[in-house]
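In each ligand, atom 1 is the first atom listed, and ligand 1 is the first ligand listed.
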Amino acid sequence: MERTFIGDLNQKIGEPALIRGWVSVRRDQGKMIFFDFRDMTGTVQGVVLPKSDAMESAKEARTEYVVAVTGTVNKRPDKNIQADKLNGDIELQIEKIEIINKAETPPFEITGDTSAINEDVRLQYRYLDLRSERMQRNIRMRSEFVQKVRDFLFKQKFTEIETPLLTESTPEGSRDFVVPSRLNPGKFYALPQSPQQYKQLLMVAGFERYFQIARAIRDEDLRADRGFEHTQIDIEMSFVEQEDVMSTVEAMLIEVAESMGRTIKQKPFPRFTYAEAMEKYGADKFDMRTAEEKESGVLAYAWVYKFPFFEKTDEGGWTFTHNPFSMPIPEHIDQLLKKENIGEILTTQYDIVCNGFEAGGGSIRSHDPNILRSVYEIMGYTKEETEERVGHMLEAFKYGTPPHGGLALGVERNLMNLTNETYLREVQAFPMTRGGQTAVMKAPKPLTDRQLKELGIKVDLPPKKHD
Ligand code: ASP
């Protein structure tokens with residue numbers, strides 16, 4: 001017999017069916033044994049009646065055993081119908097249970113919500129945690145979200161392009177993760193903090209509309225809403241102004257969220273200048289929902305724009321607030337080129353805020369090498385240092401560069417809003433622990449002496465402190 005997915009069993013009422021999956025619950029009532037079985041499409045109740053041939057294997061089967069079950073799909077008696085539940089109106093009258101694979105008792109209960117279980121244990125056994133209904137829902141919702149984003153962008157003539165993971169350090173404002181090069185001893189790659197420069201080079205290359213579901217890797221302090229690795233919907237467009245990028249992204253978010261059944265508080269999304277946001281909310285990320293809207297999962301999007309381009313460093317110099325590749329607002333280009341009133345120069349940066357989080361951000365870029373050069377001069381770089389940092393961009397911009405701009409949306413942050421979860425780990429399949437330890441596997445760990453030798457690396461750690 002061919003396998004039927006549990007989610008399709010209600011189309012086979014009165015017929016025999018074969019399901020494959022896990023034993024989720026087993027209730028031995030002596031004469032009869034009840035089960036809940038689970039596969040990727042849902043759960044169904046099964047019953048082994050007294051004197052059934054399946055009784056012997058039913059006595060042996062335990063929760064989390066992998067089984068193949070044959071039986072007849074029956075309508076439940078009216079009094080037992082659970083109308084609000086998938087398969088709440090049917091049950092499988094079991095004729096045969098084949099035990100495919102046994103299971104030890106899991107280290108924690110996975111039939112309920114696992115969020116209160118100790119994080120280290122949950123992540124050590126992440127593959128079991130992921131079996132729980134909530135985690136299955138969250139991870140599937142992530143896939144649905146990304147698929148809908150892709151669908152939207154393909155309809156708008158975007159091309160999906162991958163960019164390198166082993167690359168040069170980018171000035172995105174965080175610490176880099178570095179990878180030693182065996183072929184070039186003493187030299188290092190950096191993992192990308194974002195594909196910023198590559199996506200701009202793709203605009204020089206004439207792709208005009210690029211996107212990537214891109215991994216961004218930053219060595220930052222870990223927080224509830226931030227890990228070392230996160231995924232961005234990274235977008236760049238040519239021949240656009242601020243308004244074009246904002247309206248494309250806004251249309252995308254509306255289409256995606258509404259097709260996932262969500263309500264958006266206000267359309268078009270309200271817009272605040274940075275100064276207005278600071279005055280009204282005291283922050284550039286804010287939550288506009290009422291308590292009731294929070295309860296019902298409403299999404300309150302807003303744009304924040306007209307950010308200062310530069311801020312003072314601790315040493316009294318200037319650094320960029322968001323992105324050195326941004327264009328100042330058109331009225332401030334002159335000021336930037338002349339390096340006047342630097343603190344007042346505004347950038348074309350726009351951030352999208354949703355339910356208190358920064359859900360994404362981007363800008364129009366300076367495709368004119370003189371502007372990019374001035375940004376680096378303001379930040380105190382010499383000509384040579386600028387050349388060393390972004391010389392390849394300045395060179396590329398010499399060969400016919402369209403005006404361009406883009407944005408990146410954080411997949412996890414958007415998913416946290418869609419699922420109403422507070423922690424990044426609830427929407428990532430294999431997140432790290434707060435101490436930066438990988439789920440299930442044991443990274444980071446020391447290299448072998450042979451590896452170190454091959455790489456020409458000596459580890460020189462300060463002696464361990466003893467208490
Ligand atoms: N590269 C920026 C970031 O990762 C986003 C952008 O400006 O497109 O935050």
Side-chain angles (χ1 to χ4, degrees), residues 149 153 158 160-165 167-177 190-204 207-220 223 225-238 240-250 252-253 274 284-285 303-311 319-329 346-354 357-367 371-372 375 389-390 393 402-414 424:
V149 164
L153 293 172
F158 280 79
E160 184 169 8
I161 307 175
E162 286 165 89
T163 53
L165 276 181
T167 180
E168 198 183 319
S169 166
T170 63
E172 214 84 19
S174 295
R175 213 172 280 121
D176 288 319
F177 270 100
L191 300 178
Q193 293 187 30
S194 93
Q196 180 69 41
Q197 298 188 52
Y198 286 115
K199 69 174 171 177
Q200 290 192 245
L201 293 171
L202 287 169
M203 297 302 104
V204 182
F207 284 97
E208 293 197 33
R209 289 181 171 207
Y210 140 97
F211 85 96
Q212 178 176 199
I213 311 299
R215 216 54 90 69
I217 302 161
R218 300 176 184 186
D219 190 356
E220 301 184 292
R223 292 196 318 229
D225 64 341
R226 195 148 87 185
F228 289 145
E229 285 185 53
H230 72 273
T231 306
Q232 295 182 338
I233 294 160
D234 196 45
I235 292 176
E236 197 74 9
M237 302 168 78
S238 288
V240 288
E241 291 174 4
Q242 194 167 340
E243 191 56 44
D244 304 304
V245 182
M246 287 166 83
S247 59
T248 303
V249 171
E250 184 163 330
M252 178 177 89
L253 285 170
Y274 172 74
D284 56 1
K285 333 179 211 320
W303 288 105
V304 182
Y305 65 127
K306 292 200 173 162
F307 288 91
F309 201 130
F310 300 97
E311 64 190 5
T319 186
F320 59 90
T321 61
H322 285 79
N323 192 332
F325 296 103
S326 299
M327 181 91 104
I329 61 167
L346 299 177
T347 160
T348 52
Q349 176 81 22
Y350 31 78
D351 277 0
I352 182 117
V353 172
C354 182
F357 289 106
E358 182 195 318
S363 64
I364 299 301
R365 326 296 181 185
S366 50
H367 63 286
I371 301 181
L372 186 56
V375 169
R389 276 265 171 151
V390 290
M393 299 299 283
H404 60 279
L407 165 143
L409 291 169
V411 169
E412 286 81 9
R413 288 185 189 190
N414 281 278
L424 188 102

**Prompt:** Per the side-chain hydrogen bond (donor to acceptor under 3.5 Å, both in side chains) rule, which among Gln196, Gln212, Lys199 passes with Asp234?
**Reply:** Lys199

**Complete:** So CG of Asp176 and CG of Asp219: to nearest 0.5 Å the spacing works out to 8.5 Å

**Prompt:** Quick check: does any side chain N or O of Arg218 sit under 3.5 Å from a backbone N or O of Gln193, one acting as donor and the other as acceptor?
**Reply:** yes

**Asked** Between Thr321 and Gln349, do the side chains contain an N or O donor and an N or O acceptor separated by less than 3.5 Å?
**Response** no

**Message:** So for Arg218, does at least one of its heavy atoms come nearer than 4.0 angstrom to any atom of ligand 1?
**Reply:** yes

**Request:** Please verify whether a non-hydrogen atom of Arg365 lies at under 4.0 Å from ligand 1.
**Result:** yes

**Gly362: numbered ligand 1 atoms lying under 4.0 Å from its heavy atoms** = 6 (C), 7 (O)

**Prompt:** Which bit of Leu407 is near ligand 1, meaning a heavy atom under 4.0 Å away: side chain, backbone, both or neither?
**Reply:** backbone

**Request:** Compute the shortest N/O to N/O distance between Asp234 and ligand 1 and return yes if it is under 3.5 Å, no if not.
**Result:** no

**Item:** Passing candidate, side chain to side chain contact (heavy atoms under 4.5 Å, CB included) with Ile213, options Gln232, Glu162, Glu160
**Value:** Glu160

**Prompt:** Does a donor on one side chain sit under 3.5 Å from an acceptor on the other, for Ser174 and Glu220?
**Reply:** yes

**Message:** Any heavy atom of Gln232 closer to ligand 1 than 4.0 angstrom?
**Reply:** yes

**Asked** Do Asp351 and Lys285 have side-chain heavy atoms sitting under 4.5 Å apart?
**Response** no

**Residue part near ligand 1, for Ala408, under 4.0 Å between non-hydrogen atoms** = both

**Message:** Is any side-chain heavy atom of Thr163 closer than 4.5 Å to one of Leu202?
**Reply:** yes

**Prompt:** What are the atoms of ligand 1, with element, lying closer than 4.0 Å to any heavy atom of Lys199?
**Reply:** 6 (C), 8 (O)

**Asked** Does Gly361 come within less than 4.0 angstrom of ligand 1, counting non-hydrogen atoms of the residue?
**Response** yes

**Asked** For ligand 1, which atoms have a heavy atom of Ser194 less than 4.0 angstrom away?
**Response** 1 (N), 4 (O)

**Asked** Glu236 to ligand 1: N or O pair under 3.5 Å?
**Response** no

**Proximal atoms of ligand 1 relative to Asn323 (non-hydrogen, under 4.0 Å)** = 7 (O)

**Item:** Parallel, tilted or perpendicular, as decided by the 30° and 60° cut-offs, for the rings of Phe307 and Tyr274
**Value:** tilted

**Any His322 heavy atom less than 4.0 Å to ligand 1** = no

**Asked** Any N or O of Gln193 that comes nearer than 3.5 Å to an N or O of ligand 1?
**Response** no

